[in-house]
Amino acid sequence: MSTPVREAPVRKEPVRAAAALGRAGGLLILAGALVAAMAASLAIGAENIPLGRVVDGLLHPDGSREALIVQDLRVPRTLLGVVVGASLGLAGALMQALTRNPLAEPGLLGVNGGAAFAVVLVIAFLDTRTSLVYVWAAFAGAAGAAVLVYAVGSYGRAGATPGRLVLAGAALNAVFSALTAGVMLLDPRTFDGFRFWQVGSLASRDLEVVAQLGPFMLAGAVLGLLLARPLNALALGEDAGRALGVSPARTRALGALAIVVLCGSATAAAGPIWFLGLAVPFMVRSLVGPDQRWVLPYSLLLAPVLLLAADIAGRVVARPGELETGIVTAFVGAPVFIWMVRRGKAPKQ
Amino acid sequence: MSRVVRAGALSVRWEPRAAAVGVGLLAVGLAAAVFVVGTGDFPISAPEVVRALVGQGDQATTFIVTELRLPRAAVGLLAGLALGISGAIFQSMSRNPLGSPDLIGFTTGASTGALLQILVFGGGTLAIAAGSVAGAVGTAAAVYALSYRGGGVSGHRLVLIGVGAAAMLEAANSYLITRAELREAYEAAFWLTGSLNNRGWEHAAPLGWALAVLVPLALAYGRRLTMGELGDDAAQALGVPVQRSRAVLVAVGVGLTAVSATAVGPVPFVALVAPQLARRLTRRTGPHLMSAGLMGAALLSVGDLISLKLPVAVPVGVVTGALGGLYLVWLLAATGRKGTT
């Protein structure tokens, strides 16, 4: 698979400056959209709460029903949506840049498969009800799987080329999902627990989850954003990248680390959320082009907006019940993605 | 490696290595099938199985072999063949090793159709089969129609749109599984993993007939895939009617996916991995449908044998996933040691 990168046409400086200004403006608009989405996520739900009351409830927690809803349910959920969305968007963009494959998504590094396997083991063999056990098991499973994928993909003299990483990821993912299915089908009780975990959801998680995983996500995000320049250099090819002073092996290792931390903690916090990591960077590239200095921050901001929007939609369409976020993201994201592919904005092979 | 054998106006490319690999895979698949037939509450030794198959066994053994256990082995071999060939077709057309029918939604569509029958309409075996065929064909038609633009379909766009459709259908499947009653959902999960339990001639015979039509078609058009991999323009220049070949190959690939999913459920990984493994074994650069198909048959058959010999009862899909994945890991490590990719 070749790069989605086109040769940048030589343009005059003022044009480039204007384009940069436009992209920076777009980033601001996205940031505004994120704030709006957060506000909507606090206000809308099984019971709608006017924004004024939301702010009241946050500033002066008076123990009223509405204040409690906002504090105990909506705030954790919204914060979780922001960090999980941002992590998945950035991880997806990094994954596609590293593998130079527009079909690559973070799950291909084995993260989802490993997390799912760890969770099904906990459900089957540990008698626990605390959600934090699931969270840390999922995180450990994701990290372990990714290390394994990286070890297999980088084994030998050929090193960790993108193609080998993707193949190793697909192979180990298959192994893990087979083992997961084997354990899941051992008895109906395990299956019952697992079938609800395997649909990603932002509902009923404590603030504790965000507090414990947040630092990891932050570190992963900083590391990922710092890789924009080396990734740009590598997009020209390994030799050109080396000539520009970038070490391909180091960039890949750091990129993989960032992806694992981001995607592992997102999956640990919310369960597997499909499609966001695949579709968001894809959409972003068709908006701002291949420059990673823009693709990464745009993905970081666009993904949580979409995830919160999906979560809100899931609360509204099935009142008083709700649709899981993971289901909504796929149902809303997929048609948009298909429409963009049809419009031919898809990066060429 | 290969040379061309000519007889008058006819010529055939003779590739000793590919032929040897094909014969070897066929032998492995058939041997595994014989042992599958021999395994059960009433064990039958391999020579006895062979004797019963050629009509020399005693009456009871012959009945058990031909009526009760042979269908399972036959379904395994045939479905594996179908999966391998369809995987090779889609991977070659998309020029992407990830472009297997599992990934681009056709298998997922088959599952959605079957799940609707199992969980919502409560249909029987035939209804589930019809549902899964309808799901696969419907998904394929939608994906194909959506990727049709400007008088043609590009393989690249087809895969991307298929990935989108797969994500959507996956979500629909999860929705159905989480909303269903536990007992029914549990049953559906077995189907979703891919299982060869309780297969009879009513499963094997239709599968055989479908493959008798689809496999020759696939092989006839398969040669054009090699030229298609050069790019649409180059293939056109070499005299390949690109769009028509692609339409036929998509139809055949979808048909193979649908009939295999109907027979065994969406067995994971065989379609994805069989073409890759076959390609590495034959050391061919281009696609080779027959060796991919035989590899699929051998994988599924051996996988079934292992699932029967395991101390805990697991469906065959668990074994093929683990087995195929581990083998790919081993291959990657082996090629990595030599420094090739």
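Below, chain A is the first sequence line, B the second, and so on; all start at residue 1.
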- Within a reach of under 6.0 Å around CD of B/Glu184, are more than 12 heavy atoms found that belong to other residues, nucleotides or ligands?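 More than 12 within 6.0 Å, yes.
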- A/Leu185 side chain near B/Val314 side chain, heavy-atom distance below 4.5 Å: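 Not touching, per the 4.5 Å side-chain cut-off.
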- Item | Pairwise side-chain contact, A/Arg195 with B/Ser174, heavy-atom cut-off 4.5 Å (strictly under) |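 Sidechains of B/Ser174 and A/Arg195: no contact.
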Any idea which heavy atoms bring [X] and [Y] closest together, and the distance?
X        : Y        : value
B/Ala322 : A/Ala178 : N-CB, 3.4 Å
B/Ala167 : A/Ala330 : O-CB, 3.5 Å
B/Ala172 : A/Phe331 : N-CE1, 3.8 Å
A/Arg342 : B/Ile161 : CG-CD1, 4.0 Å

- Message: Tell me whether B/Tyr186 contacts the main-chain N or O of A/Phe191 through its side chain, where contact means a donor paired with an acceptor under 3.5 Å.
- Response: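 Looks like no, no N/O pair under 3.5 Å.
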- Task: Give the member of A/Leu186, A/Asp187, A/Val328 that has the highest number of heavy-atom pairs under 4.5 Å with chain B.
- Result: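 If we count pairs closer than 4.5 Å to chain B, A/Asp187 comes out on top.
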- Message: Less than 4.5 Å to any heavy atom of chain A: does that hold for the side chain of B/Thr178, its backbone, both, or neither?
- Response: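 For B/Thr178, the contact with chain A is made by backbone and side chain together.
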- Which is it for B/Val329 and A/Leu172 under the side-chain contact (heavy atoms from CB on, under 4.5 Å) test, yes or no, and what are the steps along the way? CA-CA 7 Å; B/Val329 167; A/Leu172 283 164; 4.0 Å; yes
Hey, which of [options] has the most heavy atom pairs under 4.5 Å with chain A?
options                                : result
B/Thr320, B/Leu146, B/Thr193, B/Leu169 : B/Leu146
B/Arg179, B/Arg183, B/Glu170           : B/Arg179
B/Gly317, B/Ala180, B/Gly194, B/Ala165 : B/Ala180

- Task: Give the C-alpha distance, both sets of side-chain angles, the deciding distance and a yes or no for side-chain contact (heavy atoms from CB on, under 4.5 Å) between B/Leu182 and A/Arg189.
- Result: CA-CA 9 Å; B/Leu182 177 57; A/Arg189 192 189 62 86; over 6 Å; no
- How long is the gap from CD1 on A/Ile327 to CE on B/Met168, to the nearest 0.5 Å?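 Going from CD1 on A/Ile327 over to CE on B/Met168, the span is 12.0 Å.
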